[in-house]
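Following: one structure in structure tokens, then a few remarks.
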Protein chains: 2
Amino acid sequence: MVTVAGRRPGRPAGGKLVVDRESLLDAAERAIRRDGPMVSLETIALEAGVTKPVIYARIGDRTELSNALSARLADRIVQSVFSAIAGQPIGRSALVLFLAANLETAAGNRELFFYVTGGSADDSPQRSLLLASNSVTPLAAQLSQWRTDTGHDPAVAEAWSYALIGMLQLTTLWWLNQSALTARDLAEQLAELLWGGLRTPPIA
Amino acid sequence: MVTVAGRRPGRPAGGKLVVDRESLLDAAERAIRRDGPMVSLETIALEAGVTKPVIYARIGDRTELSNALSARLADRIVQSVFSAIAGQPIGRSALVLFLAANLETAAGNRELFFYVTGGSADDSPQRSLLLASNSVTPLAAQLSQWRTDTGHDPAVAEAWSYALIGMLQLTTLWWLNQSALTARDLAEQLAELLWGGLRTPPIA
DNA sequence: GGGTAAACGTACTGTAGGTACGTACATACC
DNA sequence: GGTATGTACGTACCTACAGTACGTTTACCC
């Protein structure tokens, strides 16, 4: 049994919560960074200076915690990607910037990335979908817009979004664990694939 | 406490094992198909007519069970893909066949696919890599060969393999859960993406 | 100042992974 | 043909963790 030192039961003085939801998520991130993706809820609560029921009150069960942290990471990645390609003309070099920004942001949130992409808990695979959809939604909107603008069928946007996110997820996992490539080099390789690498003709 | 009816402690008469490793994996698949990806080891053992320690003796812990089942599924997919594109000339239509065979085999092993791609257990994300590598290895060999044959750098093969597998994994998960597309239509959409869809020029 | 509701911690339950150990059978050796 | 040893089981336990019921302390309102 873990006991939080220096606190006792009862409503805290001052009419304020001991910790709010955002502070709890911050603490969760710290605990994950320190102990890896397998941290228990109790350890996270301890890191925040509270006990488990507080987490259930503010956030919910382990699945909802995963979702909240996933939304955070997705936000960071989307922000990073947007500022990376802002003002760039659509083309291969913008694609490289997009991919590199993804990789670098994931690398900067390494443990959190591991936690979100599968190391979290005893969850059904439907959760993976929910997590991915945090990234898919904004991407699909952009793709759909672009397809319409260029006179093509936007119906492919959703499938393409899941395809791109899935591609980046597994590739990033591999890269962070057992690859010596730089983010830039890997982004170039992926861009080559997406830029039609599979239909490259033989070099005469 | 679950008790297997009709058996008692002690070495079985007849000098034979009660069940061998393959039968255990068969039972695991049946249990997963029946109860979903969250089945407990004890339920799997019960399905096989034995108790937990037998699973640990034949297969190992939950991680090793995941790996074994993942290898089975990867084998089925690789087989299916090979026979789908056997004799086909390299090109876009072969790519569609490759993708469709992947999707259909996953659909035919729906629950097992869920179990393998994340619904399994309290595992570190490194396991996802190990699982994916079962599919990556043969694919990378083929890609590497093809790149060399066509006079290009084969160094991209590994990254491309993880990219393609990741793309198929997440797309399949989405498709099996919440998409009404046929396997063929989805394969066409993915092929369009891989065939350079991102650099499609505006239709004049 | 008393009553009510809020915000905690304490302590419990249930479940599942993993393991120590006892038991029954086979085989080898004398 | 009896005894020792090793093997293949099931039984019963330990531990860790997710999730929850409940008691306690404080703020707030009249």
Side-chain angles (χ1 to χ4, degrees), chain A residues 1-21 23-24 27-28 31-32 35-69 115 119-124 127, chain B residues 1-21 23-24 27-28 31-32 35-69 115 119-124 127:
Chain A
M1 174 55 53
V2 177
T3 300
V4 178
R7 291 210 66 257
R8 297 185 26 195
R11 186 173 182 170
K16 281 191 59 178
L17 298 176
V18 171
V19 285
D20 59 8
R21 182 185 160 96
S23 305
L24 277 183
I32 289 169
D35 295 352
M38 306 283 301
V39 208
S40 72
L41 283 183
E42 188 137 358
T43 302
I44 290 174
L46 190 69
E47 170 69 31
V50 293
T51 52
K52 261 191 302 178
V54 176
I55 294 192
Y56 281 86
R58 301 270 188 291
I59 299 177
D61 61 14
R62 199 176 170 78
T63 300
E64 298 180 67
L65 174 62
S66 267
N67 294 346
L69 291 176
Y115 181 86
S120 66
D122 47 19
D123 265 321
S124 73
R127 194 189 57 87
Chain B
M1 177 54 52
V2 177
T3 300
V4 178
R7 293 207 64 254
R8 296 184 24 193
R11 186 172 182 171
K16 280 193 59 179
L17 298 177
V18 171
V19 285
D20 59 8
R21 182 186 160 98
S23 305
L24 278 183
I32 289 169
D35 295 352
M38 305 283 303
V39 208
S40 72
L41 283 182
E42 189 137 358
T43 303
I44 290 175
L46 190 70
E47 170 70 30
V50 293
T51 53
K52 265 192 299 178
V54 176
I55 294 192
Y56 281 85
R58 300 271 187 290
I59 300 177
D61 61 14
R62 200 177 169 78
T63 300
E64 297 180 69
L65 174 62
S66 267
N67 294 346
L69 291 176
Y115 180 85
S120 66
D122 46 18
D123 265 322
S124 73
R127 195 188 56 87

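All heavy atoms count here, side chains included; hydrogens, waters and symmetry mates do not. Reminder, nothing fancy here: chain letters follow the sequence lines and each chain counts from 1.
At a cut-off of 3.5 angstrom, counting only N and O atoms as typed in the model, there is a donor on one side and an acceptor on the other between the side-chain of A:Lys52 and the base of D:dG19.
A:Asp61 has its CG atom 5 Å from the P atom of D:dG19, to the nearest Å. Rounded to an integer number of Å, the gap from CZ of B:Arg62 to P of C:dT19 is 15 Å. Distance CD (A:Glu64) to P (D:dA18): 14 Å, rounded to an integer number of Å. Between the P atom of C:dA16 and the CD atom of B:Glu42 lies a distance of 8 Å, rounded to the nearest Å. The nearest whole Å value for the distance from the CD1 atom in A:Ile55 to the P atom in C:dA7 is 17 Å. Rounding to whole angstrom units, CG of residue B:Asp20 and P of D:dA8 are separated by 13 Å. Residue A:Leu41 contributes atom CG, which lies 9 Å from atom C1' of D:dG19 at whole-angstrom precision.
Comparing D:dA18, C:dT19, C:dG9 against the side chain of B:Pro53 picks out C:dT19 as the nearest. Each of D:dC17, C:dG18, C:dC8 was ranked by its minimum atom distance to the side chain of B:Tyr56; first place goes to C:dG18. Closest to the side chain of B:Ser40, from the set D:dC17, D:dG10, C:dG17, is C:dG17.
Remark: A:Ala31 engages A:Arg34, A:Val39, A:Ile44, A:Glu47 in a side chain to side chain contact (heavy atoms under 4.5 Å, CB included) (not counting sequence neighbours).
Between A:Asn67 atom CG and A:Ile59 atom CD1 the span is 11.0 Å, to the nearest 0.5 Å.
Although no hydrogens or angles enter the test, the distance criterion places a donor-acceptor pair under 3.5 Å between the side chain of B:Arg21 and the main chain of B:Arg58. No side-chain donor-acceptor contact under 3.5 Å links A:Asp35 to the backbone of A:Met38.
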